[in-house]
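Reviewing the structure listed below.
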Amino acid sequence: MTPLVSAARSGMRRGLFEFRQSFITSTDIIGIVVPNLILLTVMIFMRGSTVGTTGFSLGTMSLSGVLGMSVAFSGMMTVTQHLAVEREDGTLLRAKAIPNGMFGYLTGKVVLIACLTVVNLLVILIPGLLLFDGLALDSVGSWVTLIGVLVLGLLATMPIGAILGSLFENPRNAGVLMLPVMGLVAISGIFAPLGEMTEWLRFVGQLFPIYWLGLGMRSALLPDSMAVVEIGGSWRHLETIGVLGLWAVIGFILAPAVLRRMARRESGASMAQRREKALQRVT
Amino acid sequence: MIGDDLVLDVRDLRMRYGTNDVLKGVTFQARRGEVLSLLGPNGAGKTTTIEILEGFRMRSAGEVSVLGVDPANADESWRARLGVVLQSWRDHGKWRVRDLLAHLATFYEPYHRPWDADELIEVVGLTEHARKRVHRLSGGQRRRLDVAIGIVGRPDLLFLDEPTVGFDPAARREFHELVHRLADEDTTILLTTHDLAEAEKLADRILILAGGKVIADGSADQLSLQMATETEVKWTLHGQRYVHATTEATKFVHDLFKQHGDDIADLEVRRGTLEDTYMAMVVAFESGQYEAAEREFVEVAR
């Protein structure tokens with residue numbers, strides 16, 4: 001077995017290990033349950049409203065879009081957060097000190113985030129299927145679309161997360177990302193169709209993966225008749241694949257270089273400096 | 001000396017940050033199985049030197065060979081022969097001690113046989129904590145885990161940066177035994193410490209770094225001879241205890257016996273400790289630098 005294959009296996013085991021650890025760590029469980037519970041509650045209140053003149057439940061429509069948003073959040077924000085935190089606490093330096101450790105670390109991260117994303121999806125999807133009318137996962141096609149959007153979404157968003165995570169020296173600063181991301185959510189048609197937005201906001205929204213992830217998930221879970229409220233009156237599968245694919249390609253070109261640069265700059269001295277700073281904040 | 005035996009070969013190593021020269025031509029070698037201790041005041045460039053040798057930092061100039069390879073373009077099979085003991089803080093907090101060591105060991109398997117996790121845990125004295133999560137360990141236990149992680153891949157060369165900070169005396173002794181054991185198995189060890197007694201106990205050779213240069217290189221004995229530090233002589237005469245400090249102890253004791261003969265009792269002659277030598281060297285170096293700066297100033301003034 002070549003060292004790289006072996007490191008990939010170690011990394012996968014690492015990811016599954018950390019995934020299991022998430023379920024015996026109370027803060028991690030709370031981090032998964034609480035936000036999803038809030039989202040579900042909000043959408044249950046939205047069940048009564050209808051989308052335009054279709055008579056279709058706004059809650060059901062939003063729930064599908066939220067699944068797309070959830071993938072984007074896991075892919076981008078969680079990766080950013082993990083990288084920033086684990087750079088500060090020395091996990092990355094340790095990885096750098098062992099053979100192929102960085103490769104193993106990143107493999108593990110991808111596995112962990114993918115698993116957590118699936119959990120986040122299921123936490124909303126399962127109650128959604130039970131509580132909301134109009135959601136349908138009854139054909140092979142809808143399953144294929146769901147899984148396809150999930151995989152493509154992760155490929156498109158994880159490199160962005162890795163790049164952002166490499167740029168933040170201090171994990172507490174990574175929190176400021178939430179503001180622009182929430183802004184993006186607002187113009188991505190997750191909670192309401194984009195129809196009422198001004199032209200240029202609609203254009204900006206469509207540049208980013210969140211919109212397309214929402215659209216993709218809606219196309220997987222909603223009846224085809226609901227496509228009429230979307231831009232162009234269609235699910236635009238080709239465009240979805242195109243935009244998410246483009247983000248993935250750009251991400252996979254840029255991320256390795258950015259990650260290498262970050263790894264190169266890791267050293268005991270820079271770690272010690274960050275530790276010093278963090279300890280000063282505590283006292 | 002056989003070339004293959006040279007594990008570390010550093011020649012005229014220089015490091016500059018902006019306009020600040022941190023290393024101004026560091027030169028030293030280490031042979032297989034040697035334990036080298038790097039001493040020096042804070043800011044002398046110890047950490048920079050070690051990080052260059054570990055391949056974590058690029059040098060500005062000079063030649064460096066670590067296990068026969070230039071760390072600036074070394075690969076992962078080189079990395080697999082290296083052990084780095086890092087000062088940990090709170091990484092891998094959720095992992096259990098045994099799981100973490102077993103996991104990290106797998107990265108070395110394609111290269112050579114790493115330590116068995118349970119065996120290693122016993123060697124560093126963490127057996128009763130093997131199932132504990134890392135964030136539940138005390139500072140000293142964590143440090144032992146750091147050492148275990150550093151040696152899990154059975155390195156040929158081990159870097160230890162301040163290894164025993166936070167150890168109680170018993171843990172310190174066990175750690176010293178571990179270092180001796182590793183050295184007996186032909187592991188070359190480069191350690192930094194501020195504990196001079198520890199350096200004296202562990203190291204075959206001591207390097208003192210000051211002002212970005214190696215100002216001394218030798219065994220503790222050689223260094224103390226070189227510096228001719230004062231030796232303390234104690235004796236009892238007619239029931240009274242006397243103490244005298246001298247740089248020429250042999251002559252002094254000889255004179256003492258010539259004068260008082262058999263009346264001398266409880267004689268003790270104690271050569272200056274490494275700490276005395278170290279302080280004398282650093283002070284001499286710093287005052288030398290001061291004089292050099294002064295000379296320069298006078299020359300410029302002319």
Side-chain angles (χ1 to χ4, degrees), chain A residues 1-28 85-105 107-108 112 263-279 282, chain B residues 17 22 45-52 54-58 72 74-96 99-112 114 133-135 142 145-146 149-150 152-153 155 158-159 161-162 192:
Chain A
M1 193 165 31
T2 70
L4 269 188
V5 174
S6 164
R9 274 179 35 160
S10 297
M12 270 191 271
R13 271 200 303 267
R14 179 187 180 85
L16 294 175
F17 219 97
E18 294 198 317
F19 181 59
R20 273 211 307 276
Q21 285 164 356
S22 311
F23 290 97
I24 44 173
T25 310
S26 51
T27 49
D28 288 356
V85 167
E86 298 190 334
R87 201 144 58 101
E88 189 188 57
D89 73 16
T91 309
L92 272 153
L93 186 58
R94 273 225 201 288
K96 194 181 168 180
I98 58 177
N100 300 303
M102 244 348 154
F103 179 68
Y105 169 84
T107 311
L112 171 65
R264 205 172 41 238
R265 290 155 60 114
E266 271 326 285
S267 69
S270 53
M271 239 291 292
Q273 239 167 35
R274 283 196 293 268
R275 173 172 52 201
E276 210 102 295
K277 252 197 236 162
L279 291 178
V282 175
Chain B
Y17 298 111
V22 178
K46 297 191 299 281
T47 306
T48 303
T49 305
I50 285 206
E51 288 189 343
I52 289 170
E54 289 167 343
F56 286 175
R57 202 174 273 277
M58 291 297 142
D75 60 5
E76 298 299 305
S77 64
W78 172 81
R79 170 75 54 213
R81 297 175 60 199
L82 232 60
V84 178
V85 174
L86 296 161
Q87 291 249 31
S88 81
W89 172 24
R90 59 182 185 199
D91 63 287
H92 292 99
K94 290 187 219 161
W95 288 70
R96 293 182 200 285
D99 294 339
L100 180 59
L101 280 174
H103 167 68
L104 296 179
T106 61
F107 285 88
Y108 294 91
E109 275 164 7
Y111 300 98
H112 50 253
R133 291 205 185 197
V134 171
H135 67 91
R142 220 177 147 159
L145 176 61
D146 289 340
I149 292 173
V152 69
L158 180 65
F159 295 101
D161 199 2
E162 304 269 343
T192 70

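The figures here come from the full heavy-atom set of this structure, side chains too, leaving out hydrogens, waters and symmetry mates.
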Next on the checklist: Is a donor from one side chain sitting under 3.5 angstrom from an acceptor on the other, for A/E86 and A/Y105?
Outcome noted: yes
Checklist outcome for this item: Pair count under 4.5 Å, heavy atoms only, with chain B: among A/T2, A/V85, A/I24, A/L92, highest is A/I24
Next on the checklist: So for B/R133, is it side chain, backbone, both, or neither that comes closer than 4.5 Å to the heavy atoms of chain A?
Outcome noted: side chain
Checklist entry - Under the 3.5 angstrom rule, does the side chain of B/T106 hit a backbone N or O of B/H103 as a donor-acceptor pair? => result yes
Checklist outcome for this item: Comparing A/A263, A/P3, A/S6 against chain B, the one with the most heavy-atom pairs below 4.5 Å turns out to be A/P3
Checklist outcome for this item: Sorted by chain and residue number, the salt bridge (charged side-chain N to carboxylate O under 4.0 Å, His left out) partners of B/D146 (sequence neighbours excluded) come out as A/R94, B/R143
Item to check | A/R9 atom CZ: more than 12 heavy-atom contacts under 6.0 Å | outcome: no
Checklist entry - Which bit of B/I149 is near chain A, if near means a heavy-atom gap under 4.5 Å: side chain, backbone, both or neither? => result side chain
Checklist entry - Listed by chain and number, what are the salt bridge (charged side-chain N to carboxylate O under 4.0 Å, His left out) partners of A/D28, not counting sequence neighbours? => result B/K94
Item to check | Pair B/F107 + B/Y111: ring centers closer than 6.0 Å | outcome: no
Checklist entry - Given the options B/T47, B/T48, B/V152, B/L86, which has more heavy-atom pairs under 4.5 Å with chain A than any of the others? => result B/L86
Item to check | Partner chain B: residue of A/A95, A/G104, A/G101, A/S10 with the largest heavy-atom pair count (under 4.5 Å) | outcome: A/S10
Item to check | Pairs of heavy atoms under 4.5 Å with chain A: top-ranked of B/E54, B/R90, B/M58 | outcome: B/R90
Next on the checklist: Counting heavy-atom pairs closer than 4.5 Å to chain B, which one of A/K96, A/R265, A/R13, A/R264 comes out on top?
Outcome noted: A/K96
Checklist entry - Just by modelled atom types, is the A/R87 backbone N or O under 3.5 Å from a matching donor or acceptor in the A/T91 side chain? => result no
Checklist entry - So which part of B/W78 gets closer than 4.5 Å to some heavy atom of chain A, the side chain, the backbone, both or neither? => result neither
